[in-house]
Structures are given as structure tokens and as C-alpha cells.
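Comments concern the structure below.
We count ligands from 1, going down the list as the structure has it; atoms in each ligand are counted the same way. Side-chain atoms are counted along with the backbone in the values below, which use heavy atoms only and exclude waters and symmetry mates.
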Amino acid sequence: MKLERDSLRALETALGQLEHGFAGLPEVSAGPPDSAAMAAVLGRAATRLQDNYPYFHPLYAGQMLKPPHPVARTAYALAMWLNPNNHALDGGRASSAMEVEAVAEIAAMFGLPRHLGHLTSGGTVANLEALWVGRRLAEEAGRAALVLCSEQAHYTHTRISAVLGMRCETVACDERGRMSVSALQSRLRQAQAGHAFVTVVATFGTTAVGAIDPIGEIVQLQLQYGFRLHVDAAYGGYFVLASGPGDGLAAAADAIAQADSFVIDPHKHGLQPYGCGCVLFRDPTVGRFYKHDSPYTYFSSSQLHLGEITLECSRAGAAAAALWTTQQLLPLKRGGEFAGMLDNCLAAARDLHARLADDARFIPMHAPQLDIVCWAAPAPSLEESSRRAQAIFAAAAKLDLHLALVELPARFFPALPAQSKSGATLTCLRSVLMKPEHKAWLPQIWQRLSQAANTM
Ligand SMILES: Cc1ncc(COP(=O)(O)O)c(C=O)c1O
């Protein structure tokens with residue numbers, strides 16, 4: 001069997017328990033209106049869904065994609081029988097409380113003594129809220145808002161800044177894809193002279209190569225230049241729990257609690273279905289910016305409704321139920337089972353990098369900081385190298401090994417000839433080894449990659 005089904009039994013049992021809570025209500029007719037018709041269209045949906053890469057399988061080692069943990073899937077499905085809406089306590093009393101608890105556990109993972117935070121539909125909206133708060137603070141201070149993020153930051157920051165009407169500039173990276181502290185410092189000097197209100201976006205795990213910006217050094221600059229620091233840890237945030245040697249990881253994890261705002265995506269490494277991002281603020285008083293009057297929403301309780309501290313209105317209470325349940329089973333603890341899964345991902349990435357470095361058929365980037373590995377194909381020119389990378393990608397897919405492609409600066413590859421590097425980019429292979437099973441599957445992954453490369 002390829003698709004896990006045992007959780008269906010647990011769902012059946014949990015549904016019985018859920019129903020028990022509503023036992024006093026009069027009966028309503030159960031079951032779908034026409035179960036044969038429903039089975040038929042579900043069968044068609046299943047057939048349509050076959051046209052996907054097998055994200056659940058360890059041989060899918062391409063983009064940042066994986067299915068949720070069975071407990072998250074089951075808890076989400078369970079909540080679907082109610083479909084709570086966490087905008088207001090009227091719509092989702094229990095799931096709002098679960099959201100508050102689950103978010104507090106994430107804040108504790110980052111070492112925050114106090115926080116304001118909530119779930120969002122994803123990393124983009126979570127980052128939007130963090131930058132929006134930066135803009136509101138700039139307005140309060142009567143200064144122009146400026147966002148500084150690295151050239152390897154997720155493209156969402158440039159786009160969100162445009163949506164928010166904020167100026168956004170990119171800062172150069174070093175040859176490992178990390179924000180250059182000296183480039184940031186010279187940009188901060190100019191911003192200081194222009195009296196701009198700066199939000200620096202540091203990325204804890206860049207999307208393309210999994211680089212960790214030097215957050216400890218950026219925090220030192222913050223003491224000198226007094227900017228607002230936002231950490232985009234949408235992909236990498238959970239790695240603060242990892243115990244591996246982690247080049248630059250431990251230092252950044254220690255400094256992260258100094259940031260003013262944070263984004264982490266439970267729907268990436270937090271084992272959740274899509275629709276689950278999270279934004280956190282170190283200073284809870286920024287909640288004042290969210291204040292609004294709603295003539296129709298908040299009547300059932302004088303307690304805080306999550307819609308009073310979110311930009312989005314309707315949000316899936318099921319996402320909160322799934323996250324809460326997952327964190328009950330797999331607490332966010334160093335040395336715990338969940339942290340062990342992340343350690344396995346790091347080990348898989350290091351294993352793949354070591355194999356690539358030992359093999360003349362490949363040119364790897366520097367050693368990975370997290371669980372993303374990138375490598376190029378040797379060739380007389382960058383164009384030819386890009387073409388070969390695309391050919392290996394296609395040949396691997398024919399062998400059921402699904403990788404990804406990425407366009408990267410040539411200077412990220414130490415073994416490429418110096419003359420080919422200045423400002424040029426090339427298409428490379430990329431693998432996000434974000435399933436803990438990738439560690440055990442690495443020999444099989446390597447065997448298929450090797451076979452694909454031999455076809456060149
Ligand atoms: C670092 C980073 N920030 C933001 C995002 C955007 O998040 P989402 O796709 O959940 O909107 C991503 C997505 O990969 C990311 O890796």
C-alpha cells in the first residue's frame with residue numbers, strides 16, 4: 001500500500017466522540033443525499049488527482065512539498081464535520097482556543113517571553129502582516145518606510161512591499177546565499193542619513209538554497225542602527241529545534257528571539273495541510289494597529305476574537321485544530337520526536353551533498369545549511385551546464401526520482417571556473433529533502449540520480 005489509511009479508523013472513532021458532544025440535539029438525516037452519485041464523482045476526482053507528482057513518496061525530492069502528518073490530516077478532517085471559522089468566537093470557540101495554545105507553543109519554541117500572534121492562510125499573508133505593522137510604525141513615527149531584504153529573500157517581500165506602498169531594496173548576498181552584513185551596513189548608513197524607518201527582513205532558510213542569514217550579526221547592527229528586524233522563517237523556522245552540528249544554524253537560532261516579528265509556516269515543515277502560516281510579534285502592543293469596528297461579528301463574547309488581531313477575516317478553524325493536535329502528539333521540543341525528524345532531513349541533505357562532492361559528474365554548491373541541496377552539471381559553458389541540468393532532471397523523472405530546477409548565480413559554485421562567474425546565472429538541480437524518510441532513502445535516490453546522469 002502506498003497511501004496511508006490506518007488513520008481512517010482513528011477518524012471514525014474521533015467522529016463518534018465529537019458527535020457525543022451534541023447528543024442532546026434532535027436527530028437529522030445522516031449521510032450524503034445520493035451516495036452512489038457521490039462515490040462516482042469522488043472516483044472521478046481521484047482519477048483527476050492522479051495527475052500529480054507523488055509528493056507523499058520519498059522519491060519525490062523536488063520542491064518544498066510534502067503531505068501532512070496523518071494526525072494533522074485526521075484532525076483537519078474531524079474538524080470539517082463542523083467547519084469552524086476562527087475569525088470570531090461565534091464561528092469557532094474551541095478551535096480559536098486551540099489556535100491560541102498552538103501559537104503560544106510556537107512562540108515558546110522561538111524563546112519569546114511575550115508575544116502577539118496568530119495563524120494565517122500561509123507565509124505570504126503572514127509576511128504581509130509583519131511588513132504592514134512596520135509600515136504602521138513608520139507612519140506613527142512620521143518617517144518614510146523602507147524594507148531591506150537580501151537578493152535571495154523570497155520574492156514575496158518585494159511584491160508585498162509594492163502592495164503596501166513601501167520602498168523595498170535588496171541587499172547583496174555572499175557566495176553561500178546569505179545576506180552580506182557589510183552590504184547591509186552600508187545600506188543602513190544611507191537609510192540613517194535619509195531618516196527612513198527601516199524594516200530589515202532576515203531569512204532563516206532561503207527558499208532556493210536553504211541559506212540562513214547571519215541573524216546574530218544583524219542583531220548587533222540593530223543595536224547600532226535601531227531598525228525593525230523581521231525574520232522570515234517560513235520554511236526554516238522549525239530547525240531551531242534541530243540538534244545537528246548545523247553550520248550557522250545554532251548561532252542564528254540563539255539570536256532569533258531578538259527579532260521584532262517572525263513568520264513560520266506550519267504548512268511547510270510543521271507537518272500541516274496547506275492553509276497554515278503563522279505570524280508572531282515580540283511586542284503585543286502592535287495589536288493596536290488591527291483595531292476595527294465590526295457591526296455584525298463579535299457578539300458572543302467580550303473575550304478577544306482572533307479576527308480583532310488578524311488582517312484576514314474568515315480562516316479555517318480546522319487548520320488550528322490540526323496544528324494543535326499535531327503539537328500534542330509531537331511537541332515542539334529539542335531532542336523530541338519531531339526534532340528528530342528535522343535532524344533526519346539535515347542528515348539526508350549532508351549525505352547527498354557529500355556524495356555529489358565526491359563525484360566528478362556533479363558540481364555541488366557549498367555544504368547545505370538546512371535540507372536543500374543544489375548542484376550544477378559540469379560543462380564547457382554555463383548554457384551547456386544548464387541544458388545538462390535540465391536533461392538530468394528529465395531523465396531522473398523517468399526513473400521516478402523527482403527533483404527540482406533552480407536558476408542560481410554562478411558564483412555560488414566554488415568549482416566553476418572564475419571567468420564564468422561575474423553576475424552570470426545558470427540552471428541547476430535542486431532537491432528539498434524535507435521528509436524524514438529521505439535519510440533512509442538516500443542510497444536509492446543516489447542510485448537513480450547516478451543512473452540519470454549516466455544517460456548524458
Ligand atoms: C522563505 C519563504 N517565505 C515566504 C514564502 C511564501 O509562503 P507561502 O507559499 O506559504 O505563501 C515561502 C514559500 O516557499 C518561503 O520559502
Side-chain angles (χ1 to χ4, degrees), residues 55 61-68 72 103 106 110 117-132 134 147-164 168 170-171 173 176-179 199-215 218 229-240 248-249 252-253 256 259 261-280 310-312 315-316 319 322-323 342 345 349 368-374 404-408 430-434:
Y55 310 116
Q63 307 281 4
M64 210 175 270
L65 294 163
K66 64 174 178 180
V103 168
I106 294 177
F110 283 128
H118 57 85
L119 300 180
T120 63
S121 57
T124 299
V125 171
N127 277 303
L128 182 138
E129 293 202 17
L131 295 192
W132 172 75
V147 175
L148 296 177
C149 61
S150 96
E151 56 193 7
Q152 284 289 310
H154 195 278
Y155 69 83
T156 195
H157 296 288
T158 317
R159 201 158 66 168
I160 288 168
S161 300
V163 170
L164 293 171
C168 178
T170 54
V171 176
C173 283
R176 302 182 68 174
R178 304 169 300 194
M179 184 188 274
T199 299
V200 171
V201 177
T203 307
F204 190 99
T206 59
T207 316
V209 307
I212 304 172
D213 285 343
I215 296 173
I218 296 173
L229 176 58
H230 170 61
V231 174
D232 180 358
Y235 144 68
Y238 286 103
F239 283 102
V240 298
L249 175 54
I256 205 168
S261 55
F262 311 77
V263 162
I264 182 165
D265 269 357
H267 71 198
K268 293 193 170 63
H269 255 300
L271 309 171
Q272 299 307 298
Y274 283 114
C276 195
C278 177
V279 62
L280 291 164
T310 56
L311 283 188
E312 290 172 281
R315 288 183 305 108
L323 184 64
L342 299 168
C345 298
Q369 285 188 282
L370 295 177
D371 59 5
I372 301 178
V373 184
C374 297
L405 291 167
V406 60
E407 190 76 11
L408 288 177
R430 169 171 169 268
S431 176
V432 185
L433 293 158
M434 72 188 309

shortest atom 5 (C) of ligand 1-to-protein heavy-atom contact is with H154 CD2, 3.4 Å

When you look at S121 and E312, which way does the side chain to side chain donor-acceptor pair (under 3.5 Å) test go after all the steps?
-> CA-CA 8 Å; S121 57; E312 290 172 281; 2.7 Å; yes

Residue pair Y235, I372: steps toward the side-chain contact (heavy atoms from CB on, under 4.5 Å) verdict | CA-CA 11 Å; Y235 144 68; I372 301 178; 3.3 Å; yes

With a cut-off of 4.0 Å, which atoms of ligand 1 are near a heavy atom of G122?
-> 10 (O)

Any sub-3.5 Å donor-acceptor pair from Q369's side-chain atoms to I212's backbone N or O?
-> yes

Would you check whether Y235 has a nitrogen or oxygen atom less than 3.5 angstrom from a nitrogen or oxygen atom of ligand 1?
-> no

Could you please spell out the steps behind the side chain to side chain donor-acceptor pair (under 3.5 Å) verdict for D232 and H154?
-> CA-CA 9 Å; D232 180 358; H154 195 278; 6.0 Å; no

Between V263 and ligand 1, which part of the residue brings a heavy atom under 4.0 Å of the ligand: side chain, backbone, both or neither?
-> neither

Return the residue, atom name and 0.1 Å-rounded distance of the protein heavy atom closest to atom 9 (O) of ligand 1.
-> K268 NZ, 3.7 Å

For atom 11 (O) of ligand 1, closest protein heavy-atom neighbour | T124 OG1, 2.5 Å

Short side-chain to backbone donor-acceptor contact, Q152 and A208, under 3.5 Å | no

For the side chain of H267 and the backbone of Y274, is there at least one donor-acceptor N/O pair under 3.5 Å apart?
-> no

Just distances here: any N/O of G205 and N/O of ligand 1 closer than 3.5 Å?
-> no

Exam field: side chain E151 to backbone C173, donor-acceptor pair closer than 3.5 Å | yes

From CD (Q63) to CG (L405), nearest 0.5 Å = 8.5 Å

Numbering as shown, the atoms of ligand 1 that approach D265 to under 4.0 Å (heavy-atom distance) | 7 (O), 8 (P), 10 (O)

Contact region, D232 to ligand 1, non-hydrogen atoms below 4.0 Å, reads side chain

Closest approach of any protein heavy atom to atom 16 (O) of ligand 1, naming residue and atom | T207 OG1, 2.8 Å

Of all the atoms in ligand 1, which lie at a distance below 4.0 Å from a heavy atom belonging to G123?
-> 7 (O), 8 (P), 10 (O), 11 (O)

